[in-house]
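Report on the following structure.
When reading the values below, keep in mind they use all heavy atoms of this one structure, side chains included, and skip hydrogens, waters and symmetry mates. Quantities reported herein were computed from a predicted structural model and do not represent experimental measurements.
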Amino acid sequence: MKKTLCALAPYALALGINFYLLPLFMKNTGTAMLLMLFVMPFASFVTAVIYGMRRGFSPLLSLLALLLFIPAVFIYFNSSAWVYAVFHAAAVFAGTALGRVLCRKR
């Protein structure tokens with residue numbers, strides 16, 4: 001289990017940067033929508049594809065994305081943005097699956 005968690009650490013860091021630093025660039029409604037609907041999910045998906053290609057499929061990264069995004073909802077957004085936590089978890093789930101298929105590893 002420790003080996004699995006250590007393998008997740010760099011990807012958790014990338015997701016954390018995505019969820020906690022990118023919202024700092026939201027200056028108005030336009031940039032907020034662009035970041036929330038396109039940039040952040042795409043960054044999550046790309047992170048997951050890279051993980052899937054290197055480590056294979058793991059639903060733990062999806063769970064981690066869900067758990068990492070929930071505090072960001074209350075820090076940067078309002079309670080109506082909790083749906084994005086599920087959206088990011090689904091994007092990460094699909095990304096790890098795609099990464100595994102592309103690499104055929106494990």
Side-chain angles (χ1 to χ4, degrees):
M1 185 68 169
K2 184 176 179 181
K3 184 178 178 182
T4 304
L5 292 177
C6 287
L8 284 172
Y11 305 98
L13 179 64
L15 289 173
I17 289 170
N18 182 24
F19 297 154
Y20 293 98
L21 292 183
L22 282 181
L24 296 175
F25 295 102
M26 294 181 186
K27 299 295 181 198
N28 56 37
T29 305
T31 58
M33 290 295 107
L34 179 69
L35 284 171
M36 285 290 293
L37 296 175
F38 298 107
V39 176
M40 291 173 67
F42 182 71
S44 297
F45 183 76
V46 169
T47 301
V49 168
I50 294 169
Y51 177 85
M53 290 175 71
R54 292 185 178 173
R55 297 280 178 181
F57 179 77
S58 173
L60 286 177
L61 191 62
S62 298
L63 179 64
L64 186 64
L66 179 75
L67 294 175
L68 280 173
F69 192 78
I70 289 173
V73 168
F74 300 106
I75 295 170
Y76 295 110
F77 314 112
N78 57 30
S79 60
S80 67
W82 72 267
V83 186
Y84 290 107
V86 176
F87 182 64
H88 282 283
V92 169
F93 190 84
T96 55
L98 179 65
R100 187 202 180 288
V101 167
L102 289 177
C103 196
R104 295 279 182 205
K105 192 175 193 178
R106 292 182 194 147

**Fill in**
What one should report as the nearest heavy-atom pair of Pro10 and Cys6 is CD-O, 3.6 Å
**Item:** Non-neighbouring partners of Ile70 that pass side-chain contact (heavy atoms from CB on, under 4.5 Å), sequence neighbours left out
**Value:** Leu66, Phe74, Ala85
**Fill in**
Smallest heavy-atom separation, Ala89 atom then Ser62 atom, equals O-OG, 3.5 Å
**Message:** Same cluster or not: Leu37 versus Met40, using hydrophobic residues (I, L, V, M, F, W, Y) connected whenever any side-chain heavy atoms lie under 4.5 Å apart?
**Reply:** yes
**Item:** From CG (Leu13) to OG1 (Thr47), nearest 0.5 Å
**Value:** 10.0 Å
**Pairs flagged by ring pair (Phe, Tyr, Trp, His ring centres under 6.0 Å) wherever residues 20-53 is involved - sequence neighbours left out** = Tyr11-Tyr51
**Request:** Write down the atom of Phe77, the atom of Met26, and the distance for their closest heavy-atom approach.
**Result:** CE2-CE, 3.4 Å
**Request:** Grab the two heavy atoms, one from Val73 and one from Asn78, that are nearest each other, plus how far apart they are.
**Result:** CG1-O, 3.3 Å
**Request:** Could you pull out all residues at least two apart from Ser44 that satisfy side-chain contact (heavy atoms from CB on, under 4.5 Å)?
**Result:** Leu15, Asn18, Phe19, His88, Val92
**Prompt:** Does the side chain of Met36 reach to within under 4.5 Å of the side chain of Tyr84, using non-hydrogen atoms?
**Reply:** yes
**Item:** ILVMFWY network linking Met33 to Val39, side-chain heavy atoms under 4.5 angstrom
**Value:** yes
**Complete:** Scanning both residues in full, the closest heavy-atom pair of Gly16 with Leu68 reads N-CD1, 4.3 Å
**Within-4.5 Å side-chain heavy-atom neighbours: Phe69 and Trp82** = no
**Complete:** Tightest non-hydrogen contact, residues Ala91 and Pro41, listed as CB-O, 4.4 Å
